[in-house]
Q: 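Got a structure here, written out as structure tokens. Questions coming.
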Amino acid sequence: DQQVKQNSPSLSVQEGRISILNCDYTNSMFDYFLWYKKYPAEGPTFLISISSIKDKNEDGRFTVFLNKSAKHLSLHIVPSQPGDSAVYFCAASEWNNDMRFGAGTRLTVKP
Amino acid sequence: DAGVTQSPTHLIKTRGQQVTLRCSPKSGHDTVSWYQQALGQGPQFIFQYYEEEERQRGNFPDRFSGHQFPNYSSELNVNALLLGDSALYLCASSLDRGRSGIQYFGAGTRLSVL
């Protein structure tokens with residue numbers, strides 16, 4: 001039962017361009033969404049989050065957009081930097097329940 | 001300020017054996033969650049401990065059990081190991097049961113079952 005889906009296993013972009021990572025979910029009860037970044041041999045690190053009462057949250061080069069009607073969220077990274085190369089996980093939760101993760105998207109930013 | 005630490009980093013066991021993984025949460029955190037991450041997949045929630053009690057549990061069999069100690073550290077125990085238990089086991093800590101949504105992860109323990 002995969003309630004959070006990241007359909008693109010990998011994404012490659014040029015340094016300085018925009019990276020757009022997508023995530024779809026099926027559970028309409030999810031009310032909190034997060035993006036985590038994972039480097040090899042490290043645990044996932046929190047990147048940015050958004051509550052279901054918002055449709056956009058911005059933090060520096062990172063912006064998350066939420067489209068509740070489409071059950072879709074995306075992470076925009078502008079401009080992309082080589083250090084952004086990592087696996088990005090989308091996660092979602094509903095009040096007082098466990099967090100569900102997508103399978104991840106491997107982002108490669110080429111110099 | 002030490003983050004979440006897990007031990008050991010790697011472990012090799014054989015089918016049928018039992019294993020114990022350990023986790024120390026980030027300083028000041030009182031809630032510990034355990035996840036299993038199979039190759040090519042995202043982390044899957046096993047269970048969460050708060051105030052030394054299991055508060056939530058994912059879709060994992062009873063072979064998976066845990067414990068939280070008064071200092072908030074935690075153990076994950078897996079009995080009767082199966083080949084399919086081979087995975088990266090991640091521990092995450094948070095404050096207030098993680099309702100803020102932000103969990104801090106350790107680097108994980110990679111378990112190989114032969």
Side-chain angles (χ1 to χ4, degrees), chain A residues 1-10 21-27 29-54 57 59 62 64 66 73 86-106, chain B residues 2-10 21 23-26 29 31-50 53-60 64 66 76 87-110:
Chain A
D1 177 19
Q2 204 173 355
Q3 297 188 33
V4 179
K5 295 181 182 179
Q6 293 178 257
N7 292 319
S8 297
S10 62
L21 295 94
N22 294 305
C23 177
D24 297 296
Y25 61 94
T26 58
N27 186 346
M29 299 300 291
F30 286 147
D31 63 354
Y32 198 72
F33 304 88
L34 308 92
W35 284 93
Y36 280 84
K37 179 169 71 173
K38 187 179 187 301
Y39 293 117
E42 296 182 11
T45 55
F46 170 74
L47 191 57
I48 192 169
S49 63
I50 187 167
S51 162
S52 61
I53 63 174
K54 294 186 175 182
N57 189 26
D59 184 3
F62 303 91
V64 55
L66 175 63
L73 69 157
V87 177
Y88 288 79
F89 291 101
C90 167
S93 67
E94 55 179 299
W95 175 261
N96 238 15
N97 270 309
D98 57 281
M99 197 177 301
R100 301 295 177 105
F101 284 80
T105 296
R106 182 177 300 279
Chain B
V4 179
T5 58
Q6 292 186 243
S7 63
T9 54
H10 294 87
L21 310 181
C23 172
S24 292
K26 181 178 170 62
H29 284 185
T31 304
V32 173
S33 302
W34 286 92
Y35 293 83
Q36 180 194 67
Q37 185 179 9
L39 201 60
Q41 302 296 318
Q44 277 200 300
F45 178 75
I46 303 175
F47 42 52
Q48 182 182 82
Y49 277 85
Y50 172 72
E53 287 188 2
E54 181 183 296
R55 300 307 296 263
Q56 295 175 20
R57 189 178 182 92
N59 189 26
F60 279 80
F64 290 76
L76 164 66
L88 179 68
Y89 289 84
L90 294 164
C91 169
S93 74
S94 55
L95 200 53
D96 64 40
R97 299 179 60 183
R99 185 56 205 115
S100 68
I102 301 172
Q103 297 185 355
Y104 294 81
F105 285 83
T109 294
R110 183 158 302 278

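In what follows, chains carry the letters A, B, and so on, assigned in the order in which the sequence lines appear, proteins first and then strands, with residues in each chain numbered from 1.
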Q: Looking at residues at least two apart in the chain, or sitting in another chain, which of them share a side-chain contact (heavy atoms from CB on, under 4.5 Å) with A:E42?
A: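 Here the qualifying residues are A:Y39.
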Q: In terms of ring plane angle, is the pair B:Y35 and B:F105 parallel, tilted or perpendicular, where the classes change at 30° and 60°?
A: tilted
Q: Given a strict heavy-atom distance threshold of 4.5 Å, which part of B:F47 is in contact with chain A: side chain, backbone, both, or neither?
A: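 For B:F47, no heavy atom lies under 4.5 Å from chain A.
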Q: Would you please go through residues 36-43 of chain B and name the residues with a non-hydrogen atom below 4.5 Å from one of chain A, in numerical order?
A: B:Q37, B:G40, B:Q41, B:G42, B:P43
Q: If you count heavy-atom pairs under 4.5 Å with chain B, which of A:G102, A:A91, A:G104, A:G43 comes out on top?
A: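 Of the options given, most contacts go to A:G43.
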Q: Just checking A:R106: does its CZ atom have more than 12 heavy atoms from other residues, nucleotides or ligands closer to it than 6.0 angstrom?
A: no
Q: Taking B:S93 for its side chain and B:V32 for its backbone only, find out whether a donor-acceptor pair lies under 3.5 Å.
A: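 It does not hold such a pair.
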Q: For A:K54, check side-chain contact (heavy atoms from CB on, under 4.5 Å) against everything at least two apart and list the hits.
A: A:I50
Q: Once side-chain contact (heavy atoms from CB on, under 4.5 Å) is applied, do any residues pair with A:T45, and if so which ones, sequence neighbours excluded?
A: A:K37
Q: Go through it in stages, so that I can follow the logic: the residues are A:V64 and A:S49, the test is side-chain contact (heavy atoms from CB on, under 4.5 Å), and I'd like the CA-CA distance, side-chain angles, deciding distance and then a yes or no.
A: CA-CA 7 Å; A:V64 55; A:S49 63; over 6 Å; no
